Protein chains: 2
Amino acid sequence: MDLRHLRYFIAVAEEQNIGRAATRLHISQPPLTRQIQQLEEELGVRLLNRTPRGVELTQAGALFLDEARNIRAVVEQATERTQRAGQGKLGRLDVGIFGTAILDAIPKLLLAFRRSYPEVKIVLHTMNKGEQIEALRQRRITVGFNRMLAPLPDITTRLVANERLLLAMSHTSPLAAQESVPFPALRDHPLVLFPTGARPNFIDKVMTLCHEAGFEPLVSQEVSDAITGVALAAGGFGVCLVPESTTSLALPGVIYKPLTGLPDHAQVDLSCIYRSDDQSPILEAFLGTIEQMRSTLQSGAALTE
Amino acid sequence: MDLRHLRYFIAVAEEQNIGRAATRLHISQPPLTRQIQQLEEELGVRLLNRTPRGVELTQAGALFLDEARNIRAVVEQATERTQRAGQGKLGRLDVGIFGTAILDAIPKLLLAFRRSYPEVKIVLHTMNKGEQIEALRQRRITVGFNRMLAPLPDITTRLVANERLLLAMSHTSPLAAQESVPFPALRDHPLVLFPTGARPNFIDKVMTLCHEAGFEPLVSQEVSDAITGVALAAGGFGVCLVPESTTSLALPGVIYKPLTGLPDHAQVDLSCIYRSDDQSPILEAFLGTIEQMRSTLQSGAALTE
DNA sequence: GATGATCATACTTTAAAGGTATTAATCGGT
DNA sequence: ACCGATTAATACCTTTAAAGTATGATCATC
């Protein structure tokens, strides 16, 4: 049996007349007669009673007509859904994010994407840099978000946002009186550094900046993540360099100050990563959304709302 | 798109390999490749990613696989239901019955049919003889039940049961003392006759029997149906000839007596009628059930349970 | 870099759907 | 009661499309 048989049978049943149905189907009458006979033979069921002025459905034929219309509808819906999936409008997007950096830019981006593609289910997975790479390769996620990524041949990196560095400290810190802090002034202050994850990491970056400014930092403590770092800074362990978006973390007793005298490359990136050979339309759609959000997500803008 | 495309796609998706799927489908690999390409082209959607060691589903492909399996199941179910309908096992049987004669034999028959064909919905329509003929011609019913039918060219009649005649009377009637009543004795007793419907009817039959026995009956009253006739007999209007199954009507004060001295053709028939050109499998099935019940439904047996 | 596996392409064969002409059956109208 | 119109069925031919065979292109693995 074939969808053609169903289409033909529906026409015949609706016209109650094989000749008219043939006209409607843009074929001639004899092949239609044969197709219907074939259908009946294959089912082993008499679907039509032939009369001198047309045909009429048997009881089985009437039931089959219902079934045929239902099948037609199911097929149409399947086609339509598949096409939407093929256009990236329907499906699922697994996103790898890392704990504390998922502030500001990423929610904005995901919200914009969800507005444009409401039928794509976004599934978030919290994982660190190495886990994201691994998950991308195993197709467990389609995109990841991270900072300071070393280039890899099979993973494409795309900058989403750049953020300035700020200094987090306790409100009792001697630096708290100033409106802004010149970077070289940090030479005399113990630093809380994070994260202690896979290299290259933010600690490496801070160390490099200090060396470029001509001093060896006083390392008070190295911790695993931003929350811990800011918490220790608030507790007076030292000052802590953080990306601007971290200011969303309003821990009690902590204040943030801008830094002066930093080079341009002192900004810290937030990047999106995905498999270089991934051609899925949902990824295309997501990258398109990033492109549209480009200006909104760049440095500074991240704090405007 | 074609059911073949779906079958092929399911095989390819399950094997993750076009060559193996082709083997499973008993075709060679190139036409399978082409059919899949055709399917993708028609949908406008990439369903598979080709790799050097086979194929893997895209997200749209995975969705389409689900849809395809669903369509396959729907088609299978439609086929199966249609076939059952074609065998008379699924569907509906509209039956015309007439009020008071629907005693004993017809319920037994319908119960037996329902046991054999539980998925056929039996719909009962109460209508008299003329209405049944009309309804048969208009296909509003498939079978009717009635008595004393004149033969018609487009309607086939089939005897279902024969019943003896009994005499209904008040327990105060002078005939009530006897164990049985010789038919000619009715010459001296007023008769209640029924029904006053389309000819030929039961009244005609009783008149004929009386004439054959050599007397003109004393007609006390003609009424429209058996219940009324038996009720009048119970009230002393006279005696009333009834088919044996009417004894199911146990009205207060009424007693039934057998008759002697009646010819064989004095039995009254219960017949099933249907359109002579009706070939519906459900009708076939119903007639088959009547055939099986033949012995059970014949005269006498109607009162044994 | 050779080998084996896999999908894609080119070309031929085969099967099946579609077309034309005609027949058979039935109904309505004269 | 016959004739024409209408309808489905059949016979035969044409065209389309699916399946087969042979071969090429690509990539992973040893």
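A, B, ... follow the sequence lines: proteins, then strands. Residue 1 opens every chain. Please read these numbers as outputs of a predicted model, since none were measured by experiment.
Taking the six-membered ring for Trp, A:Phe9 and A:Phe64 have ring centres closer than 6.0 Å.
With rounding to whole Å, A:Glu41 atom CD is found 13 Å from C:dA16 atom P. Atom pair A:Asp277:CG and D:dT26:P shows a separation of 18 Å (rounding to whole Å applied). Rounded to whole angstrom, the span from the CD atom of B:Glu40 across to the P atom of C:dC7 amounts to 13 Å. Atom CZ in B:Phe9 sits about 14 Å away from atom P in C:dC7, given to the nearest Å. Between the CZ atom of A:Arg4 and the P atom of C:dA16 there is a distance of 11 Å, rounded to whole Å. B:Ile36 has its CD1 atom 12 Å from the P atom of D:dA18, to the nearest Å. If you take CD of B:Glu56 and P of D:dA28, they are 12 Å apart, rounded to a whole angstrom. Taking atom CG on A:Leu32 and atom C1' on C:dG18, their separation rounds to 11 Å, with Å as the unit.
Contacts of B:Gln29 with the nucleic acid, taken as non-hydrogen atoms under 4.0 Å apart, include base atoms.
Side-chain atoms of A:Arg34 and base atoms of C:dG19 include a donor and an acceptor less than 3.5 Å apart. Taking 3.5 Å as the limit, the base of C:dA8 and the side chain of B:Gln37 contain no donor-acceptor pair of atoms between them.
In the set D:dA22, C:dG19, D:dC27, the nucleotide with an atom closest to the side chain of B:Pro30 is D:dA22. Candidate nucleotides D:dC27, D:dT7, D:dA19 were compared by shortest atom distance to the side chain of B:Pro52, and D:dC27 ranks first. Of all nucleotides listed (C:dT20, D:dG20, C:dA17), D:dG20 comes nearest to the side chain of B:Ile27. Residue A:Gln35 places its side chain closer to C:dA17 than to any other of D:dA8, C:dG19, C:dA17. The listed nucleotides are C:dG19, D:dC27, D:dA18; the one nearest the side chain of A:Ser28 is C:dG19. Each of C:dC7, D:dA9, D:dA18 was ranked by its minimum atom distance to the side chain of B:Ile18; first place goes to C:dC7.
Counted by atom type alone, A:Thr33 and A:Gln29 present one or more donor-acceptor pairs between their side chains at under 3.5 Å. With hydrogens and angles left out, the side-chain atoms of B:Gln138 and B:Glu134 include a donor and acceptor closer than 3.5 Å. Under the 3.5 Å distance criterion, with hydrogens and angles disregarded, a donor-acceptor pair is assigned to the side chains of A:Thr156 and A:Ser276.
Comparing A:Tyr8 and B:Arg50, the nucleotide of DNA chain C nearest to each residue sits closer to the 5' end for B:Arg50.
Ion pairing between a basic and an acidic side chain is recognised when a charged N comes within 4.0 Å of a carboxylate O; B:Asp154 and B:Arg275 show no such pairing.
Between A:Gln38 and the phosphate of C:dA17, there is a side-chain N or O to OP1/OP2 separation shorter than 4.0 Å. Distances shown here put every side-chain N or O of A:Arg53 at or beyond 4.0 Å from the OP1 or OP2 atom of C:dT26.
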